[in-house]
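One structure is given here, and the rest of the page talks about it.
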Amino acid sequence: KAAVLSSPSKKFKVTLPASLSAGQSYVPPGRSVALFRDDDGVYAVSLVCTHLGCTVRASALSQVKTEDVGGKKTRLTHEFLCPCHGSKYTGEGTNVSGPAPKPLTWFRLSVAPDDGQLVVDLADEVDHAFRFTL
């Protein structure tokens with residue numbers, strides 16, 4: 001008899017820490033996604049490397065960078081590094097070195113109508129310029 005493994009829901013609610021400041025990441029327990037806050041809102045980035053699925057780590061930059069993301073100047077305070085095979089991604093998830101074949105995925109955020117909590121939808125990919133305004 002085969003065992004049936006349950007996988008976490010693709011849609012889940014998150015309560016952001018009130019102390020989450022620009023550039024800091026919040027990783028919900030048991031999830032492979034990081035939430036960030038910047039001047040334009042909140043966004044969710046996958047922590048799954050696009051090479052072989054290892055978990056990447058958000059690493060704070062020693063100096064803030066400004067780059068064009070989706071036609072808009074964006075302040076980047078971190079980068080993503082994969083410990084398995086050395087892939088490196090910019091703070092908005094673009095692959096810049098290593099074997100990673102494509103950028104990190106961003107996911108849609110919304111507000112739950114029943115209780116007003118933030119909802120992350122891992123089944124709904126969005127552009128890297130997406131921000132959710134709280």
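Not measured: the values here are computed from a predicted model. Heavy-atom basis, side chains included; hydrogens, waters and symmetry copies ignored.
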Quick one: does any side-chain atom of [X] pair with a main-chain N or O of [Y] as donor and acceptor, under 3.5 Å?
X	Y	value
H78	S59	no
R37	L20	yes
H85	A100	no
W106	R131	no

More than 12 heavy atoms from other groups under 6.0 Å of NZ on K88: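 Atom NZ in K88 is not packed in, count stays at 12 or less.
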Residues, nucleotides or ligands: over 12 heavy atoms within 6.0 Å of R57 CZ: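 Atom CZ in R57 is not crowded, with 12 or fewer foreign heavy atoms closer than 6.0 Å.
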Same apolar cluster (I L V M F W Y, side chains within < 4.5 Å links), V27/V48: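 Different hydrophobic clusters.
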Same cluster (ILVMFWY, side-chain, under 4.5 Å), L104 and L81: no
Any side-chain heavy-atom pair of [X] and [Y] under 4.5 Å:
X	Y	value
V33	S46	no
L35	P28	yes
F12	L122	yes
V119	V111	no
F80	V45	yes

What's the spacing between [X] [atom1] and [Y] [atom2] if we round to 0.5 Å?
X	Y	atom1	atom2	value
L47	S25	CG	OG	7.5 Å
D38	E92	CG	CD	11.5 Å
K10	F107	NZ	CZ	7.5 Å
L61	E79	CG	CD	5.0 Å
L118	Y26	CG	OH	10.5 Å
D124	S110	CG	OG	8.5 Å

Which heavy atom of [X] sits nearest to which heavy atom of [Y], and what is that distance?
X	Y	value
N95	P101	ND2-C, 3.5 Å
D115	A112	OD1-CB, 3.4 Å
G91	Y43	O-OH, 4.5 Å

Thiol sulfurs of C54 and C84 closer than 2.5 Å: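 Yes, because the SG atoms of C54 and C84 sit under 2.5 Å apart, which meets the disulfide cut-off.
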Donor-acceptor side-chain pairing of Y89 and T50 below 3.5 angstrom: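 There is such a pair between these side chains.
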R108 to F132, cation-pi by 6.0 Å centre distance and 45° axis angle: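 Not satisfied by the 6.0 Å and 45° rule.
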